[in-house]
Amino acid sequence: MSHTFFPWKDEYSVSIPEIDEHHKAITHMLNTLYEAFLKNDHDSRIGGIVEGLTSYARYHFATEERYFMMHRYADRFAHMAEHAKFINQVEEFRNDYAARKTALTYKVINFLRDWLIHHILEEDKKYVPCLSERRTLV
């Protein structure tokens, strides 16, 4: 029986299809890493996951930030600071991987799970009213 570690739920939606798809892709990376962890195949997968996460997060954040600028989201700079913290943490994971530090998979899994829950449900939900209101005005 297959078990998804972090299933996508409708409550995570920010009602912007492009951003929701990005969040689903990051969720998929988390679930892929967790599945590799269960199969004891994570040592061979963690490097690729961390690299993929680094590049995908930059792509995703650039997309969100483009929406912030287009819609003049008032709290964009605070939100962008959260993005920078995420990138710094993922860069630290890259460095840990290069240094062959142990327990990296566990750290990445927990970080991503906690970040997805907090960032989407708290931080991203803050911009939904602004982006939704501005989309109806355009």
Side-chain angles (χ1 to χ4, degrees):
M1 182 171 136
S2 179
H3 170 73
T4 301
F5 176 69
F6 192 87
W8 179 261
K9 298 176 185 174
D10 289 340
E11 69 185 284
Y12 301 141
S13 175
V14 294
S15 302
I16 301 166
E18 182 178 21
I19 293 175
D20 283 343
E21 288 306 313
H22 291 187
H23 289 157
K24 288 176 185 178
I26 295 168
T27 299
H28 178 72
M29 289 180 201
L30 169 58
N31 287 321
T32 298
L33 182 57
Y34 183 76
E35 193 172 308
F37 178 73
L38 290 179
K39 294 177 181 175
N40 202 24
D41 187 32
H42 54 102
D43 287 341
S44 67
R45 305 286 307 269
I46 186 71
I49 295 281
V50 169
E51 284 300 319
L53 187 58
T54 301
S55 61
Y56 200 82
R58 289 181 192 281
Y59 167 71
H60 167 63
F61 294 154
T63 300
E64 274 192 352
E65 292 167 13
R66 187 180 76 242
Y67 277 96
F68 297 165
M69 297 304 175
M70 279 178 13
H71 299 285
R72 296 181 293 283
Y73 176 50
D75 291 329
R76 67 183 170 270
F77 295 113
H79 197 106
M80 291 164 68
E82 291 294 316
H83 290 172
K85 285 184 200 175
F86 181 93
I87 294 296
N88 289 338
Q89 180 60 63
V90 173
E91 290 293 335
E92 190 175 309
F93 290 146
R94 286 176 74 197
N95 294 337
D96 287 351
Y97 176 74
R100 302 277 183 216
K101 291 197 176 173
T102 60
L104 183 58
T105 300
Y106 183 74
K107 289 177 188 174
V108 173
I109 287 171
N110 284 317
F111 170 76
L112 276 180
R113 180 202 58 218
D114 294 347
W115 185 86
L116 282 165
I117 291 169
H118 168 75
H119 191 77
I120 294 172
L121 291 178
E122 294 178 29
E123 298 304 320
D124 285 354
K125 292 290 185 170
K126 290 177 185 175
Y127 66 65
V128 171
C130 173
L131 272 57
S132 297
E133 176 184 312
R134 301 254 190 230
R135 279 195 315 217
T136 60
L137 296 176
V138 175

Below 4.5 Å, heavy atoms only, C-beta onward: do Y97 and E51 meet side chain to side chain? no
Quick test of your reading of the model: are R58 and E91 salt-bridged, counting only N-O distances below 4.0 Å? yes
Distance col, row D43:CG vs R45:CZ, nearest 0.5 angstrom, shows 12.0 Å
Sub-4.5 Å side-chain heavy-atom contact between D124 and E64: yes
Is the gap between the ring centers of Y106 and H42 under 6.0 Å? no
If you take all heavy atoms of L30 and I109, which pair is closest and at what distance? CD1-O, 3.6 Å
For the pair E92 and K107, find out whether any cationic side-chain nitrogen is under 4.0 Å from an anionic carboxylate oxygen. no
Check: Y12 and L116 side chains under 4.5 Å, non-hydrogen atoms: no
Cluster check I19, Y56: I/L/V/M/F/W/Y, side chain < 4.5 angstrom: no
Find out if a path of hydrophobic residues (ILVMFWY) with successive side-chain heavy-atom gaps under 4.5 Å connects F77 to I87. no
Taking the side chain as C-beta and beyond, is there a heavy-atom pair between E35 and T32 under 4.5 Å? no
Output the distance between atom CD (E82) and atom CG (D75), rounded to the nearest 0.5 Å. 11.5 Å
Spacing of CZ belonging to F6 relative to CG belonging to D114, to within rounding of 0.5 Å: 9.0 Å
Please step through side chain to side chain donor-acceptor pair (under 3.5 Å) for the pair E122 and H118, ending with a clear verdict. CA-CA 5 Å; E122 294 178 29; H118 168 75; 3.0 Å; yes
State, yes or no, whether a side-chain contact exists between V50 and D96 at a heavy-atom distance under 4.5 Å. no
In this structure, is the centre-to-centre distance between the rings of F86 and F111 below 6.0 Å? yes
Are H60 and H23 close enough that a side-chain donor and a side-chain acceptor fall under 3.5 Å? yes
Hydrophobic cluster membership, M69 vs Y59, 4.5 Å side-chain cutoff: no
Say whether, by atom type as modelled, one donor and one acceptor occur between the side chain of K125 and the main chain of S13 under 3.5 angstrom. yes
Is there a side chain to side chain contact (heavy atoms under 4.5 Å, CB included) between L131 and V14? Walk through the geometry before answering. CA-CA 10 Å; L131 272 57; V14 294; over 6 Å; no
Side-chain touch I46/F93, heavy atoms, less than 4.5 angstrom: no
If you take all heavy atoms of E11 and L121, which pair is closest and at what distance? O-CD2, 3.5 Å
Are M80 and F61 linked, directly or through other ILVMFWY residues, by side chains that come within less than 4.5 angstrom of each other? no
Could you list the residues that satisfy ring-ring contact (aromatic ring centres under 6.0 Å, His included) with F68, not counting sequence neighbours? Y73, H79, Y127
More than 12 non-hydrogen atoms from neighbouring residues, nucleotides or ligands closer than 6.0 Å to CZ on R76, yes or no? yes
Relative to the ring of Y67, is the ring of H71 parallel (under 30°), tilted (30 to 60°) or perpendicular (over 60°)? parallel
Interatomic distance, L112 atom CG to H119 atom NE2 [nearest 0.5 angstrom]: 12.0 Å
Within one Ile-Leu-Val-Met-Phe-Trp-Tyr cluster: I120 and I16, side-chain cutoff 4.5 Å: no
Show your reasoning for whether salt bridge (Lys or Arg N to Asp or Glu O under 4.0 Å) applies to E18 and R66. CA-CA 12 Å; E18 182 178 21; R66 187 180 76 242; 3.4 Å; yes
Considering all heavy atoms, the nearest G52-M29 contact: O-CE, 3.9 Å
Under the side chain to side chain contact (heavy atoms under 4.5 Å, CB included) rule, what do F5 and L33 come out as? Steps first, then yes or no, please. CA-CA 10 Å; F5 176 69; L33 182 57; over 6 Å; no
